[in-house]
Amino acid sequence: MSSSKNDLNPQQQEAVAQTTGPLLIIAGAGAGKTKTITHRILHLVESGVTPSSILAITFTNKAAAEMGQRVSALLSTRRSVADFGLKDGPLVATFHSLGVKILRENASHVGRTARFSILDEQETVSLVRNAIKSLDLDPKQFDPARLRWAISRHKGNVVSADEYAETAEGYFPKILSSVWRKYETLLKEENAFDFDDLVTRTTILLRENQDVLKKYHDTWKYIHIDEYQDTNTAQYELSHLLAKKEKNVCVVGDSDQNIYGWRGANLRNILNFEHDYPGAKVVLLEENYRSTQNILQAANDIIKKNKIRKEKNLFTKNVEGEKISVFEAYDEADEARFIASKSAELIERGVPSNEIAVLYRANYQSRALEEGFLSLNVPHRVLGVKFFERKEVKDVLAYIRAGRNPAGLSDIKRVINVPPRGVGDATIAKIFSGKEDSLPPKMRERISIFWALLEKIKNSSETMKTSELVRFVIKETGLEKFFKEEGGEEDLERLENMMELASLATKYDIFEPDEGVEKLLSDAALASDQDSMDQKKNKDGVRLMTAHASKGLEFDYVFIVGLEQGLFPHARVNLPTTTEEDSEEERRLFYVAITRARKKVFLTFATVRTIFGSRQVETPSEFIYDIDPTLLEQTERSESVGKVIYLD
């Protein structure tokens, strides 16, 4: 064992000392996994392993940079390894940067030159659009972003365009197949790869070319893979290919923190490690260095109900800490006021505002929270797209404006093909230039239906309450049906955001219809400007983000909000296609959220929540009841928050 052993606990030392063969490190939240990996690399080098034969793979550039710096710092302080120099040191890379390296070194095998380009998301969607157009298909009818997403999911499963074509049956799969093949042709013509190719094409190269694979077997004899529970099929196979000769592979992860199943992450990869590598050693890192005892006990209470997991039990030598506060709000506005008020109290006591985080399950919840923070002038930052800047919210508002203002050509252009009606740019140009009569009969009929829809919206805006109007627009335009039929994670989230706009609109129902809708449109426009100003003024600020976005982060104080059945855990876990694994992912997500906190956790829920413009009585989340009651304390609202009076 290296001279650094005193810096490690016994389990970390055990992992560091295991230098050969397959090793699975189950590292709980805050258990010092990066420290363990970096010290293991140091120990390998001190044991005589050539530094350049060591490979460490992470998921994000930030994680790779941090690990690389820590490895360099450790090696540079040891005389016994300083002679190697850091130039030929261990390679620390993300899956994608590793793929770039391998593809550039073997460009001739993959039909590219070494100077190939890597397309970003926007460029990729643009190239898919070009593929659609080149096949005489209409991008308005076949959304390039949606087709790009479908291609990405298949690439993540190491499926090629040709393989997909062999099994494509039905109208949409055949369209996708033809677009995908054309897209691949365009990629090759541009000497380019997309982001998914960097892993998928590398995997296929190593799978099909044994000489190339042997070269990397000879190069990297000791392999480390971080966040193994988040690997998809392509990343799993790439890892397996690189490690299959020496089998000196160390994977680090936590099945309890797998929360990206909807992105293709396969929990079975970490659960099956011992099957894939018979005789693998398993080390549990259960000592947490981040959180108080009470927070960890609550986390253990939550996660032990899951069945599909590697058993472990987090503990800490930290202080017992404060109890977990539970706040029962009247509604989402009361919930937001409490959180903003409590955040203001913490800041007043000297807590840095960026050490406070508010975590929610669904993006649309940010809207009420933003209002609460703005009303009390508490500095905050929303991570992700702000509510009124979301495309689907803008689309609904644009429909209302277009109905009320037929001269608003930009609004008409925005929504004339939302959802898709097969109306292309050429058709729009003819309409705007007064040549609608020159359109083919079927197209004239579609446009006539669209004008009639705008007229219905105009008339309804003069008679309906504002929230009723929003619901009317979402339904009559076909947006609700469109997103329900698609049924993907992002589609359902977009529908939720539109529903939240209907909920927001209820506060304008006290006005006459015409005045109410004008106030909604004005406030929505002003809110965007105000949000932008708020973010510029408050570079620190309380962090507002989804629970998913919080993974890998930590804060002194964490609010987990909207803890109601159907919201967190989310209602989509009750869909007919839901598996036990999907249901358990909701519990893992709550576990991740609660373990972000160092000192204190606040859990909040509302007895009434406005959903799709209608007030519904809510049931507290089962997650609250899973925590030992002795760890919880009821929290009363501060006097400064005030009472809420309902006017029905």
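Residue numbers run from 1 in the order of the sequence given. Note that the structure is predicted; figures quoted are calculated from it, not measured.
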S.K.: Nearest 0.5 Å, what's the CG-CD1 distance between Asn405 and Ile400?
M.R.: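 The distance works out to 13.0 Å.
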
S.K.: Is a salt bridge present between Lys442 and Glu445, judged by a nitrogen-to-oxygen distance below 4.0 Å?
M.R.: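 No, Lys442 and Glu445 are not salt-bridged.
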
S.K.: Side-chain donor-acceptor contacts of residues 428-437 below 3.5 Å, not counting sequence neighbours, with atom names and distances?
M.R.:
from	atom 1	to	atom 2	distance (Å)
Ser433	OG	Ala429	O	2.9
Ser433	OG	Lys430	O	3.2
Glu436	OE1	Trp451	NE1	3.1
Glu436	OE2	Trp451	NE1	3.3

S.K.: Over all heavy atoms of both residues, which pair between Ser621 and Phe568 is shortest? Give the atoms and the distance, please.
M.R.: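 The pair with the smallest heavy-atom distance is OG-O, 2.8 Å.
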
S.K.: Salt bridge between Glu500 and Arg367, side-chain N to carboxylate O under 4.0 Å?
M.R.: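 Here Glu500 pairs with Arg367 in a salt bridge, since their nearest N and O are under 4.0 Å apart.
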
S.K.: At what distance, to the nearest 0.5 angstrom, does CZ of Arg148 lie from CD1 of Ile132?
M.R.: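 Separation between the atoms: 12.5 Å.
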
S.K.: Search all heavy atoms of Arg471 against all heavy atoms of Ala502 and return the closest pair with its distance.
M.R.: CG-CB, 3.9 Å

S.K.: Would you sort out whether Lys342 and Ile356 count as a side chain to side chain contact (heavy atoms under 4.5 Å, CB included), showing the intermediate values?
M.R.: CA-CA 10 Å; Lys342 184 61 69 172; Ile356 305 170; over 6 Å; no

S.K.: What are the two closest heavy atoms between Ala340 and Val378, and how far apart are they?
M.R.: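 For Ala340 and Val378, the tightest heavy-atom pair comes out as O-CG2, 3.6 Å.
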
S.K.: Answer whether the closest heavy-atom distance between the side chains of Met545 and Leu553 falls below 4.5 Å.
M.R.: yes

S.K.: Checking side-chain hydrogen bond (donor to acceptor under 3.5 Å, both in side chains) for the pair Glu622/Gln565: CA distance, chi angles, key distance, verdict?
M.R.: CA-CA 7 Å; Glu622 64 191 77; Gln565 287 298 113; 3.2 Å; yes

S.K.: Name the atoms and distances for all side-chain donor-acceptor pairs under 3.5 Å in residues 503-510, with sequence neighbours left out.
M.R.:
from	atom 1	to	atom 2	distance (Å)
Ser503	OG	Met499	O	3.3
Ser503	OG	Thr610	O	2.8
Ser503	OG	Phe612	N	3.1
Ser503	OG	Gly613	N	3.3
Thr506	OG1	Ser503	O	2.6
Lys507	NZ	Glu371	OE2	2.9
Tyr508	OH	Asp523	OD2	2.7
Asp509	OD1	Thr466	N	3.1
Asp509	OD1	Ser467	N	3.0
Asp509	OD1	Ser467	OG	3.4
Asp509	OD2	Ser467	OG	2.6

S.K.: I need the minimum non-hydrogen distance between Lys155 and Asp197, along with the two atoms involved.
M.R.: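 Minimum heavy-atom contact is NZ-OD1, 2.8 Å.
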
S.K.: Check for a donor-acceptor pair, side chain of Glu468 on one end and backbone N or O of Lys465 on the other, with a separation under 3.5 Å.
M.R.: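 Yes.
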
S.K.: Is there a side-chain contact between Asn157 and Asn232 in this structure, where contact means two heavy atoms from C-beta onward sitting under 4.5 Å apart?
M.R.: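 A side-chain contact under 4.5 Å is absent here.
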
S.K.: Measuring centre to centre across the rings, with the benzene-like ring taken for any Trp, is Phe327 within less than 6.0 Å of Phe602?
M.R.: no

S.K.: Can you find a pair of side-chain heavy atoms, one from Pro420 and one from Phe142, that are under 4.5 Å apart?
M.R.: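 No, every pair of side-chain atoms sits at 4.5 Å or beyond.
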
S.K.: Any ion pair linking Arg404 and Glu462 (charged N to carboxylate O, less than 4.0 Å)?
M.R.: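 Result for this pair is no, no salt bridge flagged.
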
S.K.: Could you tell me which residues satisfy side-chain hydrogen bond (donor to acceptor under 3.5 Å, both in side chains) with Asn459, sequence neighbours excluded, listed by chain and number?
M.R.: none

S.K.: If you measure from the Lys or Arg side-chain nitrogens to the Asp or Glu carboxylate oxygens, is any gap between Lys484 and Glu480 under 4.0 Å?
M.R.: yes

S.K.: Which residue, Glu564, Glu618, Gln616, forms the side-chain hydrogen bond (donor to acceptor under 3.5 Å, both in side chains) with Arg609?
M.R.: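 Checked Glu564, Glu618, Gln616 against Arg609; only one passes side-chain hydrogen bond (donor to acceptor under 3.5 Å, both in side chains): Glu564.
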
S.K.: Please tell me whether His570 and Glu496 have a donor and an acceptor in their side chains that are separated by less than 3.5 angstrom.
M.R.: yes

S.K.: If the threshold is 4.0 Å, N to carboxylate O, is there a salt bridge linking Asp230 and Lys551?
M.R.: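 Yes, charged N to carboxylate O under 4.0 Å.
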
